[in-house]
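Notes for the one structure printed next.
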Number of protein chains: 2
Amino acid sequence: MRTQKNGADFCLKEMILDMFAQALDEWRQAIGEDYVITDPSALAQAETATFLTNQRIPAILRPANRAEVQACVRIANTYKVPLYPVSNGKNWGYGSQVPAQDGCVLLHLQRMQQIVEYNERLAYVTVEPGVTVRQLYHFLEEHHSPHFVSVVGGPMDTSLIGNAIERGLGTGRYADRFGHVCEFEVVLPTGECIHTGYDRFPSALAGPVSRWSVGPYLDGLFTQSNFGIVTRMTIWLLPKPRVAASCLFTLKEDRGLEALIDALYVLKFEGGFPSIYLYNDYKFLSMLLVQSPELAKESGTFISPEMMGPIRQALNFGAWSGSVAFQCASQQMCDAMCAFVRETLADKVDTLRFYFFENPPRLECAKGGGERIVDLLTAQSSLDTVNNDGGLRTTYWRKRYLPSGDMNPDRDHCGVIWCAPLVPLTGEHVREAKTIIERVAFAHKMEPHLSLESVTERTLIITVVLLYDRDLPGEDERAMACHDELLHELTSAGYIPYRLGIHSMQGLPAPIDDSALLQQRLKDALDPNAILAPGRYDFRAQNTRG
Amino acid sequence: MRTQKNGADFCLKEMILDMFAQALDEWRQAIGEDYVITDPSALAQAETATFLTNQRIPAILRPANRAEVQACVRIANTYKVPLYPVSNGKNWGYGSQVPAQDGCVLLHLQRMQQIVEYNERLAYVTVEPGVTVRQLYHFLEEHHSPHFVSVVGGPMDTSLIGNAIERGLGTGRYADRFGHVCEFEVVLPTGECIHTGYDRFPSALAGPVSRWSVGPYLDGLFTQSNFGIVTRMTIWLLPKPRVAASCLFTLKEDRGLEALIDALYVLKFEGGFPSIYLYNDYKFLSMLLVQSPELAKESGTFISPEMMGPIRQALNFGAWSGSVAFQCASQQMCDAMCAFVRETLADKVDTLRFYFFENPPRLECAKGGGERIVDLLTAQSSLDTVNNDGGLRTTYWRKRYLPSGDMNPDRDHCGVIWCAPLVPLTGEHVREAKTIIERVAFAHKMEPHLSLESVTERTLIITVVLLYDRDLPGEDERAMACHDELLHELTSAGYIPYRLGIHSMQGLPAPIDDSALLQQRLKDALDPNAILAPGRYDFRAQNTRG
């Protein structure tokens, strides 16, 4: 509690509290008492992320449908109370469901979990924000669907909409999630509702199948922004492939990285291959063991690069382990792709294997052998998404115990901080970024867990994960100091994240042009009372230059 | 000249003329006398499209660089004179360089023709608005580049930027032009300059290689809109393929269309094939003969469906002719793709051939034979873009003579009107749209020339071209009446164009939601004096509802 300097301040505070109480009353009338939550323990839970946060949440609203979202937004405008929407609140490592700024009412959209439409002929679903990857997976199974959903990098209980509007990563041909969704229904910060694409026209038929329609393309305005609340979206599905295979490869020593990356570019650019993954030794070890070896669990005893060499030898894996999955329309296409991969990668890697998803599965060793890669990475690249926890288990890497029941890194004080710079897809750039990451991480005695994913043809995203135990004193501060230096060093070198968390929203440099002014004008035009998600991807002039 | 009703009106007009004279003076100071054009013959030429227009252009400005564009825009704001930017003014069939509304000063960007950067390693160019497909083609040839540019559907002298921000169509993997460009430099309607994507940050490295960066994705805001002037853009290039082939096919009778379209969907969706083309008999005949048979050149003697049957028989082509081109990284991949095409299409078509771009070229007949398709469609699908006039010759279809020198449909009074609805990629939808088009066209005694292109996996764009001779009296009105009914009937049935021309900007129904209000707010925020391209993709509340 802040000290009140004088009576006027006191009066102002009383007035604000009174206004807020009125807003609560109106919200209760609009969406029902049960769904306006002010219970301190529920609020405390919502205020907990996988790293240190100080933001307080005065209330949680849980509307059931779009009309209720609109009502909530209108009341927020009346009383000038900021709202922070989350789809399902599972943005682990980026802030979970904690708002970017203090004092925001959480607008939780989890109750909106309708799969509104499934079109089998044209392979899409239209969903609400509460629909998770898991829910859609089971839905498609129940309907004996010939389609599957490209999994997200995160856990199965992630919101499909939340992931797409954060422009998160999936796998396979639709790994670029935002590139394969359309037809947003958006509640504007002033309460009106719009539909992007063709869907805004009466009797339009191409709404769910075309990203562009006619006139300005506006979907992008509502991704990584605070310009609107997406209450419905169409997500495209992929065909279950007639033939599927994975290529798995390892690089024993780090020095071959540049040549390998340049070869991966050929696969992407000339071969048109979908997503390619590459894991460094720290990341691979965490996938292998799930929990850090005893010696390294306590603060100060991180696995140093000197320790990593013997561990790699003992457990038999390389400096880098990677996979390329492909889903083909025919066996002949699959064979041709395997041959091209073999030709392109053979002299760039130490082991090269192909795993064919047949019945029974078949493994073919094209080069080398013995490293522990097959089971792990084939599971990663399989379509059996429901058994893939999206790396959730690895958030317990530094904890003393795995949970006996469901996993919840917020509740269990798992320390997880992500920083994910995007780099041009050349060996030179990947080397440069990796050198920066290792220098900063090792100086802070933090382990750099790196996942490299190439989604588009010219880029690679390096996801740096800092894992620690929040129950150990001082670790929260130590890990965040490491993150902040990482972000600063990478950004200064030109490697800027592809997304931000609530811990990094203010971490980017001011633009060199009038972009901040443009953001300011857009925000003022769409959200004159500034009630929607202040601080979230908020690059307005006042923020970056003021 | 309008009649002046009284002295007050006269005074107002004088004042406006005086203001305009001042604006001209300032523009002359800003960009040089030679580049502020008021010569009546030049203006008359700029006011001429391939169909009837009434818009007058009071002056043409030809700035040399971005700073001069900014100066022009600032002066336009001072004197409240509307500006209409065109990149190269070759938007034939959609209005050429004629503004959407009367009284706009033309801001012609043709002098900005720098290829600012070419990055061979990551396969992109950064260009200004005046750079044409032809210029880039020669540039890449001169640099012995391993890359090529996906051609546009239109002529080689089209602006690359103009085509991309209209979201025009190319060929091959990057046929979805807007899907493969990034890093826009934009002059806002108030004169400031912004860069989209990573390019706005100091020292960012991923600007030219990533469409999304961090924060809201704004490129779409500046496509098919009047929200800004794009003065620079990065365009991605494709690798010259190691192996290239085309599949050419014909369908003798129209009744097999539904099954063929459904098979093409399998190629796109399961096979991941790039662009697929399909031409109806009218379109194919115009490509074959270039000029209409004598009997059909004059008004009223269009080629009726009854006449088309015998013509098809005599010239030996089918109701539909199509092609699928593929560019592969290996011979084995090419063979596998050919096999998949054969398997998918064989029982849906009457002839099926493969043309391999080898030295010497090789033709393989998989089914049927004899139809005149090979030479024509292989030329279409080759990479030798400079010898491909993008259908420009067919604009002379109803003229009495082909021009002896360069082709210019505006100058030569070629009548060309396009209407291009986007339909979901199912046989049923394509049939329904085609039925509407033929019913309307035949009722107006106009020939429906149809090109069908499937660019994305779930959609097909039907480009209807109405061709006529503007020198024949009454034809302008007759053709436009046909277009207007086409647009209305297609739109009412749910098949809405993917782009508009100046003849159709006001032709769409009002939205069913608050989209017009959103457009209004965006326009007011970005262009408070409404000086930029009024009427161009202008779906504001006042327009659609006022």
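Here is how names work: the chains are called A, B, and so on, in the same order as the sequence lines, proteins then strands, and each is numbered from 1.
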- [ ] Indicate yes or no: does A:Glu343 engage B:Arg242 in a salt bridge with an N to O separation below 4.0 Å.
- [x] yes

Open item on the list: Restricting to side-chain contact (heavy atoms from CB on, under 4.5 Å), what partner residues turn up for B:Gln332, sequence neighbours left out?
Closed with: A:Asp335, A:Ala336, A:Ala339, B:Ser330

TODO: Counting only heavy atoms closer than 4.5 Å, note whether A:Arg211 contacts chain B via side chain, backbone, both or neither.
DONE: side chain

- [ ] Check step by step if side-chain contact (heavy atoms from CB on, under 4.5 Å) holds for B:Val214 and A:Tyr537.
- [x] CA-CA 8 Å; B:Val214 61; A:Tyr537 294 104; 4.0 Å; yes

Open item on the list: As an exercise: rank A:Ala525, A:Ala204, A:Cys193, A:Gly179 by heavy-atom pairs under 4.5 Å with chain B and give me the winner.
Closed with: A:Cys193

Task: Closest-packed option against chain A by number of heavy-atom pairs under 4.5 Å, given B:Pro216, B:Ala329, B:Pro421 - done: B:Pro216

Task: Side chain to side chain, B:Leu518 and A:Leu526, heavy atoms closer than 4.5 Å - done: yes

- [ ] Among the options B:Gly272, B:Ala493, B:Gly494, pick out the one with the most heavy-atom pairs lying under 4.5 Å from chain A.
- [x] B:Gly494

Open item on the list: Can you tell me which of B:Leu188, B:Thr459, B:Thr491, B:Thr426 forms the most heavy-atom pairs within a distance under 4.5 Å of chain A?
Closed with: B:Thr426

Open item on the list: Out of B:Arg499, B:Arg536, B:Glu457, return the one with the most heavy atom pairs under 4.5 angstrom to chain A.
Closed with: B:Glu457

Open item on the list: With a 4.5 angstrom heavy-atom cut-off, is it the side chain or the backbone of A:Val266 that approaches chain B, or both, or neither?
Closed with: side chain

TODO: Let me know if A:Thr196 has heavy atoms under 4.5 Å from chain B in its side chain, its backbone, both or neither.
DONE: neither

- [ ] Could you look at A:Leu267 and say if it's the side chain, the backbone, both or neither that has a heavy atom under 4.5 Å from chain B?
- [x] neither

Open item on the list: Which atoms of A:Leu221 are under 4.5 Å from chain B, going by heavy atoms: the side chain, the backbone, both sets, or neither?
Closed with: both

Open item on the list: Between A:Tyr498 and B:Trp212 (judged by ring centroids, cut-off 6.0 Å), do the two rings come close enough to count as a pair?
Closed with: no

- [ ] Heavy-atom distances under 4.5 Å only: say whether A:Ser213 touches chain B with side chain, backbone, both or neither.
- [x] backbone

Task: Heavy-atom side-chain proximity of A:Val209 to B:Thr456 below 4.5 angstrom - done: no

Open item on the list: Please classify the contact of A:Pro497 with chain B as side chain, backbone, both or neither, using a heavy-atom distance under 4.5 Å.
Closed with: backbone

- [ ] Heavy-atom distances under 4.5 Å only: say whether B:Leu460 touches chain A with side chain, backbone, both or neither.
- [x] neither

TODO: Go through the atoms of A:His147 and report whether side chain, backbone, both or neither lie under 4.5 Å from a heavy atom of chain B.
DONE: side chain

Task: Part of B:Ile165 lying under 4.5 Å from any heavy atom of chain A - done: neither

Task: Residue selection (most heavy-atom pairs with chain B, distance under 4.5 Å) from A:Phe201, A:Tyr198, A:Phe178 - done: A:Tyr198

Open item on the list: Distance check, rounded to the nearest 0.5 Å: A:Phe222 atom CZ versus B:Tyr217 atom OH?
Closed with: 14.5 Å

Open item on the list: So does B:Ala123 get a backbone contact from the side chain of A:Arg458, meaning a donor-acceptor N/O pair under 3.5 Å?
Closed with: yes

Open item on the list: With a 4.5 angstrom heavy-atom cut-off, is it the side chain or the backbone of A:Ser492 that approaches chain B, or both, or neither?
Closed with: backbone

TODO: Could you check which of A:Pro202, A:Ala206, A:Pro208, A:Ser225 has the highest count of heavy-atom pairs closer than 4.5 Å to chain B?
DONE: A:Pro202

Task: Qualifying salt bridge (charged side-chain N to carboxylate O under 4.0 Å, His left out) pairs, either residue in residues 185-201 of chain B, two or more places apart - done: A:Arg521-B:Glu192, B:Arg66-B:Glu185

TODO: Flag this pair as yes if the NZ/CZ of A:Arg121 is under 6.0 angstrom from the six-membered ring centre of B:Tyr265 and inside a 45 degree cone about the axis; otherwise no.
DONE: yes

TODO: Go through the steps for B:Met333 and A:Met337 under the test side-chain contact (heavy atoms from CB on, under 4.5 Å), then give the verdict.
DONE: CA-CA 7 Å; B:Met333 277 198 199; A:Met337 291 181 90; 4.1 Å; yes

- [ ] Measure A:Ile496 against the heavy atoms of chain B and call it side chain, backbone, both or neither at under 4.5 Å.
- [x] both

Open item on the list: Under 4.5 Å from any heavy atom of chain B, what part of A:Lys268 do you find: side chain, backbone, both or neither?
Closed with: backbone

TODO: Please round to the nearest 0.5 Å and tell me the distance separating atom CZ of B:Phe269 and atom CZ of A:Arg173.
DONE: 6.5 Å

